[in-house]
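Structure first, commentary second.
Side chains included, hydrogens not; waters and symmetry mates left out as well; all remaining heavy atoms used. The sequence lines fix the lettering, A, B, ..., with proteins before strands; numbering per chain opens at 1.
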Number of protein chains: 2
Amino acid sequence: MSPETPQVVIGLNAVILAVTDEEPRILTLPRRLPVVDQQQDEGGAAPPEAVDKGPSAGASSSRPVDALPFGPLDADRDRTLELALRGWVREQTGLEVGYVEQLYTFGDRHRDPRQRLGGPRVVSIGYLTLGRQETPATGVNAVWRPWYEYFPWEDWRRGRPLILAQRLAPALARWVEESEHSSRRAERRERVDIAFGLGGAPWDAERVLDRYELLYEAQLVGEAWRDMPAASPHPVEDRHFGRAMGFDHRRIVATAISRLRGKIKYRPVVFELLPPTFTLLQLQRVVEALAGTPLHKQNFRRLVEKGGLVEGTGEVSSGTGGRPAELFCFRRDVLRERPTPGVGLPALRTP
Amino acid sequence: MSPETPQVVIGLNAVILAVTDEEPRILTLPRRLPVVDQQQDEGGAAPPEAVDKGPSAGASSSRPVDALPFGPLDADRDRTLELALRGWVREQTGLEVGYVEQLYTFGDRHRDPRQRLGGPRVVSIGYLTLGRQETPATGVNAVWRPWYEYFPWEDWRRGRPLILAQRLAPALARWVEESEHSSRRAERRERVDIAFGLGGAPWDAERVLDRYELLYEAQLVGEAWRDMPAASPHPVEDRHFGRAMGFDHRRIVATAISRLRGKIKYRPVVFELLPPTFTLLQLQRVVEALAGTPLHKQNFRRLVEKGGLVEGTGEVSSGTGGRPAELFCFRRDVLRERPTPGVGLPALRTP
DNA sequence: AAGACTTATACTCAACATGAGCATAACTGA
DNA sequence: TCAGTTATGCTCATGTTGAGTATAAGTCTT
């Protein structure tokens with residue numbers, strides 16, 4: 001490795017989320033990335049563009065994959081990580097993000113194909129941003145894509161997804177059975193049951209990352225094959241679940257969903273995704289879209305209204321298709337009143 | 001800056017937590033660190049030991065400060081971040097950590113005095129580890145120190161801490177008033193009220209990090225003065241709250257407390273801090289120590305027993321000082337039964 | 001213009017969870 | 001034996017949650 005190669009590069013990755021037409025969508029950039037070839041596995045110089053610069057079309061071939069907006073931290077220029085992230089997003093998409101939250105930092109060497117091409121060690125910090133769906137700058141090749149395309153088993157709004165019982169559960173069962181020792185099988189089975197709500201265990205909507213990690217380990221997602229040093233030719237597509245992404249970006253999106261599904265319960269973050277005023281059904285649809293579960297309409301209304309999360313504006317919306325609905329807005333005072341203002345949960349009192 | 005200086009260094013920091021005598025304690029290493037001098041602010045070569053190596057006594061003077069075990073990521077050797085952390089902890093303390101959880105990644109340039117001495121950019125990843133209090137290897141200068149020494153306003157077990165009303169609230173009020181514009185004052189006041197439960201707002205035990213960040217901004221913690229490029233001589237100690245730490249380590253500990261106080265509510269992590277069998281009062285005392293609030297004994301028992309979190313072993317403990325108590329152990333099956341098994345919270349059903 | 005359909009909103013009721021307290025049991029030490 | 005200490009069982013009022021009924025007020029179709 002050449003001496004002037006930096007040892008470590010910090011990659012900043014943004015899951016830019018908006019909800020439109022009752023679908024949570026993330027902003028993705030289709031990118032052509034170098035394919036790891038079995039022959040030249042340890043040799044060959046790295047195409048530096050893929051690592052150092054953002055999406056400036058690298059010289060590599062192969063079909064494009066979805067990637068998140070991302071770029072490295074400039075140690076000399078960027079004063080904070082968040083400012084660096086905002087800069088990259090602006091540069092690559094033309095969008096100005098509002099609410100930003102750090103998710104997690106990933107640094108496994110073996111889960112990034114770039115590491116095998118002689119590039120520097122990449123440590124990626126994932127961020128989640130919330131906002132409304134805006135059109136990227138002209139000339140930017142960005143796509144707002146529903147996040148359930150990457151995680152079809154996570155959408156329970158119209159009942160338990162068919163893919164679960166029909167395809168995922170059998171594939172996972174095979175993975176459990178392919179273990180040699182029975183203790184190992186029992187351990188795998190328990191992990192599968194808890195993560196996917198099988199074998200009598202309940203479905204926990206927040207375990208999105210657990211489920212993705214398990215699928216990766218069981219080699220049921222495309223990324224797992226891509227990352228294997230001596231991968232056999234890609235197996236039948238039928239055994240890959242959900243749409244794959246470049247780098248470790250799907251893992252970062254899984255982290256984002258997990259985090260957000262947890263957070264809406266105790267912090268009023270949903271409102272970042274809504275216009276200043278909205279009907280209660282609009283609000284409900286957004287929460288349902290994020291949580292991936294249907295909600296009882298009347299109870300939801302009681303929750304947010306009696307809970308002091310929203311207040312009526314007096315205005316009414318006409319385009320409901322039925323009786324006009326009152327327009328509500330977020331009630332900021334709730335932050336002073338309750339410790340955990342979110343969609344569900346009790347309060348605490350001062351004794 | 002010399003060309004072979006790495007641009008970015010990843011610092012891995014461990015908050016090693018155990019609870020003994022009803023006090024949560026973290027393992028700290030007293031270290032002598034270079035003092036930032038006003039004269040040589042931008043010049044001077046960095047003492048590389050303070051950054052590159054762990055606590056190998058640097059050549060610098062000044063009195064020692066508390067620091068967490070930490071060390072840089074070795075991009076070539078360490079396969080994962082967590083393995084690197086375990087290695088550093090082992091090397092510096094002789095301890096083998098069990099449960100490990102990543103907290104947050106900090107990268108603000110201006111909040112690390114090392115950055116002003118010409119060293120590389122440090123990005124610190126904080127980790128939390130849970131276990132029992134073990135004695136560090138002989139020869140290691142490590143101290144288990146109660147975390148409430150760093151955050152005395154966080155311990156509400158014996159009622160509202162006196163320091164809050166007597167010293168913190170007035171100091172914060174001064175900070176609010178010292179703003180020029182009234183809109184700025186109103187904004188500061190709202191932040192103070194929400195973070196510290198003043199002005200009628202409730203106390204939210206989880207906002208530990210918010211409170212520390214606010215104190216830092218209001219220059220009411222020692223670290224704020226240390227980090228100022230042109231700091232006036234340190235003001236009277238009377239205006240600093242809690243025991244200070246080196247680097248940004250107190251911020252990392254604040255993150256740890258916030259995270260843990262949230263997590264015990266929905267994941268059975270408390271048991272990592274307890275022996276395999278314990279009495280219910282022992283369990284309660286540990287939860288109280290972490291949450292910083294007293295709990296109703298009978299209700300707590302009902303919660304963990306009916307909630308299926310623990311099961312009786314039939315054995316009894318004699319050293320209670322009163323009637324002997326039954327010994328309980330963690331009931332692993334609860335993971336299969338409830339989505340969020342912790343100290344408090346409802347369940348979800350499968351329809 | 002009537003009737004079907006859609007969405008909004010109010011209200012009820014049972015099941016369950018939570019906060020607070022009373023009562024009794026079983027040990028220790030003076 | 002009595003006071004002090006902790007353990008454990010039980011009650012009761014209140015709050016929260018899940019599910020459903022009923023009615024209001026629009027749009028669209030014929």
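- Atoms NE2 (H296(B)) and C1' (dA13(D)) sit 14 Å apart, rounded to a whole Å.
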Between protein and nucleic acid, restricted to nucleotides 1-7 of chain C and to nitrogen or oxygen atoms under 3.5 Å apart, what atom pairs and distances do you find?
unit_1 : atom_1 : unit_2  : atom_2 : d
dT7(C) : O2     : R323(A) : N      : 3.4

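- The separation between L295(A) atom CG and dA19(D) atom P is 11 Å, rounded to whole Å.
- Rounded to whole Å, atom P of dT8(D) lies 13 Å from atom CG of L283(B).
- Salt bridge status for R267(B) with D204(A): present, with a side-chain N to carboxylate O gap under 4.0 Å.
- Without hydrogens or angle criteria, R243(B) side chain to E149(B) main chain gives no donor-acceptor distance under 3.5 Å.
- Across the protein-nucleic acid pair, R338(A) atom CZ and dG15(D) atom C1' stand 13 Å apart, rounded to whole Å.
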Does F278(A) form a ring pair (Phe, Tyr, Trp, His ring centres under 6.0 Å) with F271(A)? I'd like the steps, not just the answer. CA-CA 10 Å; F278(A) 44 83; F271(A) 303 103; 5.7 Å; yes
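- A side chain to side chain donor-acceptor pair (under 3.5 Å) with E206(B) is found for one member of K265(B), K263(B), R259(B), R261(B) and no other, namely K265(B).
- Taking atom CG on L280(B) and atom P on dT8(D), their separation rounds to 6 Å, with Å as the unit.
- Note: CD (Q284(B)) to P (dT5(D)) measures 17 Å, nearest angstrom.
- Counting distance only, with no hydrogens placed and no angle test, the side-chain atoms of R302(A) and the base atoms of dG18(D) include a donor-acceptor pair under 3.5 Å.
- Where F328(A) and N299(A) meet DNA chain C, the nucleotide closest to each residue was compared, and F328(A) sits on the side nearer the 5' end.
- The separation between Q298(B) atom CD and dT24(C) atom P is 15 Å, rounded to whole Å.
- Here the P atom of nucleotide dT9(C) and the CD atom of E305(A) are 8 Å apart, to the nearest Å.
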